[in-house]
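Labels below follow one simple rule: chain letters A, B, ... track the order of the sequence lines, proteins then strands, and each chain is numbered from 1.
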Amino acid sequence: MKTAYIENISDYSGKEVKIRGWLYNKRTSGKLWFILVRDGTGIIQAVVSKADVDEDSFNMCDILTQESSLTIIGTVNPDRRAPGGYEIQAKKIEIIQIAKDYPITPKEHGTTFLMDHRHLWLRSTRQYAILRIRQEIIKACRNFLDERGFILLDTPIFTPAACEGTTTLFETDYFGSKVYLTQSGQLYNEACAMAFGKVYCFGPTFRAEKSKTRRHLTEFWMIEPEAAFFDLDDNMDLAEDMVIYVVQQVLKNKSKELKTIERDTTNLEKVSKPFPRITYDEAVKILHDKGVDFDWGNDFGGADETIISKHFEKPVIIHRFPSEMKAFYMKRDPENEKLSLGCDLFAPEGYGEIIGGGQREENLEIVEKRIKEFNLPRDAFEWYIDLRKYGTVPHSGFGMGIERVVSWICKLSHVRETIPFPRMLYRVTP
RNA sequence: UCCUCGGUGGCUCAAUUGGCAGAGCGGGUGGCUGUUAACCACUAGGUUGUAGGUUCGAGUCCUACCCGAGGAGCCA
């Protein structure tokens, strides 16, 4: 007899198998039990009939509680009355452990209660579906970049200096000196791109922002490609192609999960080339046309992002931001000093920014001047300046926040469900 | 740091003008051979976030504090 996983149960139709898992729910009609078992790959219904099992196995059904661990031996049968299309006609049940008072019941719960029990909440079907989609998104990003010759070169988590001000950095002790948790792998990515041409990093990043909104985590995962000889247009092409690929892979491989979370995929199916590309000036005009009081030179707030992203059916790319609001390494538009060659990509349906990036300044003298203007400690950036001394070339890149992409693709109301254990302003447990 | 809302059985919520703290789920007991968050009957379960105050009487009104949610500011 084979031990089977529920996701492959159709391969065992008519055969006897052993399933190992946890009790999801149960129902009884006297001499008949319906036992829903999950094993991490899916959920299946086992039918336990008093006539077909030994007395011990039948009585066990009575004492089984939600999330008790068990094994079931029985025959796999197709049955249209069973959720999932197949059920197991049980022959024998063995209990591994009876779970006492599992706190998450099949009825509704509040956010606080669920977040306090996040380690158990992960067992529910909705969380299961969302996190499987997250895995597909990550896999798609990596496949996309790998197939285009980008080399994965992960950048450090401990960093010696702030790249853009220390207020949003988490500080930690490093054998007596101060170091910070990375908020972006970008500067290191630039060094890697000068060595390998096309590179990317993928890892956690940390922002000590006191933001308490549906789109902020203090610890989040970012995938950041960086390529030598790419200009702003190449960069926008790459971002567009990557987002399309990711959405298509999720639609293709995770349709069951999208259905579980009741995601209407109509809008996802519209995600195709070309994405509208507008300048910052044009985006400001959209806001003004909608009656929003917005001053040129400001960054878009959460509400502004929502308005702009709702204006388009597809993701929209916004480029050429005012240079004053962008980082020291951003290249200025040769045609207009007041603009920088940055680009953001906003997800549709009101989700806002999921990608930020642009073309980097490659000129040695300008980078040195900017570091001075931004009051950055020059010695901490000597290695970065070296990149401009030794064979500098135009280059570009961007960062995509994984949790925001998951949030959009799953159409969630908050990013807290997009990562197994979210870290937020007032939440670091469990 | 600020604004708004909230805190009542294990969970989700109700409680009229300040007047007997209640329901569903979950737990327990019993019933049912095709259930789909099954259903039916019975049953146990409460210092209403904390500390004070007003009142004949406070879950309800007042003050302070604690905790949470949503948002603002802030945010490569």
Criterion ring pair (Phe, Tyr, Trp, His ring centres under 6.0 Å) on A:Y384 and A:Y188, from CA distance to verdict: CA-CA 8 Å; A:Y384 186 75; A:Y188 293 98; 9.2 Å; no
Within the 4.0 Å heavy-atom criterion, would you say A:G356 contacts the bases, only the backbone, or no part of the nucleic acid? base
Taking all non-hydrogen atoms of both residues into account, name the closest pair between A:P422 and A:M115 and its distance. CG-CE, 3.4 Å
Interatomic distance, A:H109 NE2 vs B:A37 P [rounded to whole Å]: 15 Å
Considering every strand and a 4.0 Å limit on heavy-atom distances, what is the contact class for A:F113: base, sugar-phosphate, or nothing? sugar-phosphate
What's the separation between atom CZ in A:R126 and atom SG in A:C410, rounded to the nearest 0.5 Å? 8.0 Å
Between N or O atoms, less than 3.5 Å apart, protein on one side and nucleotides 22-32 of chain B on the other: list the pairs.
{"from": "B:C32", "atom 1": "N3", "to": "A:G30", "atom 2": "N", "distance (Å)": "3.4"}

Would you sort out whether A:F312 and A:F275 count as a ring pair (Phe, Tyr, Trp, His ring centres under 6.0 Å), showing the intermediate values? CA-CA 9 Å; A:F312 298 94; A:F275 292 172; over 10 Å; no
Testing A:E353, A:E305, A:E403 one by one against A:R215 for a side chain to side chain donor-acceptor pair (under 3.5 Å), which residue passes? A:E305
Enter the distance from A:E365:CD to A:K369:NZ here, rounded to the nearest 0.5 Å. 10.5 Å
I'd like to know whether A:Y351 forms a ring pair (Phe, Tyr, Trp, His ring centres under 6.0 Å) with A:F346, so could you lay out the CA-CA distance, the side-chain angles of the two residues, the decisive distance to 0.1 Å, and finally the verdict. CA-CA 7 Å; A:Y351 278 87; A:F346 286 10; over 10 Å; no
Taking atom P in both B:G7 and B:C62, what distance in whole Å separates the two? 14 Å
Result of checking A:H319, A:R320, A:K338 against A:D333 for side chain to side chain donor-acceptor pair (under 3.5 Å): A:R320
Any heavy-atom pair between the side chains of A:F220 and A:I402 that's under 4.5 Å? no
Measure the distance from CD1 on A:I35 to C1' on B:U33 and round it to the nearest whole Å. 14 Å
Nearest 0.5 angstrom please: A:Y102 OH to A:R123 CZ, how far? 5.0 Å
Gap in Å between the two P atoms, one belonging to B:G53 and one to B:G10, rounded: 28 Å
From CZ of A:R81 over to P of B:U35, roughly how many Å is that when rounded to an integer? 8 Å
Using the P atoms only, state how far B:G30 lies from B:U35, rounded to an integer number of Å. 24 Å
What would the secondary structure line of RNA chain B be in dot-bracket form, counting Watson-Crick and G-U wobble pairs under 3.5 Å, with [ ] for pairs that cross earlier ones and | for pairs with another strand? (((((((..((((.....[..)))).(((((.......))))).....(((((..]....))))))))))))....
For nucleotides 65-74 of chain B, give me one character per nucleotide, 5' to 3': B if any protein heavy atom sits under 4.0 Å from the base, S if the only such contacts are to the sugar-phosphate, - if neither. ---SSBBSBB
Separation of B:G10 C1' from A:I104 CD1 (nearest whole Å): 12 Å
Candidate nucleotides B:U33, B:U12, B:G34, ranked by approach to the side chain of A:F34 - the nearest: B:G34
Working for side-chain hydrogen bond (donor to acceptor under 3.5 Å, both in side chains), residues A:T279 and A:D281: CA-CA 5 Å; A:T279 61; A:D281 287 3; 5.2 Å; no
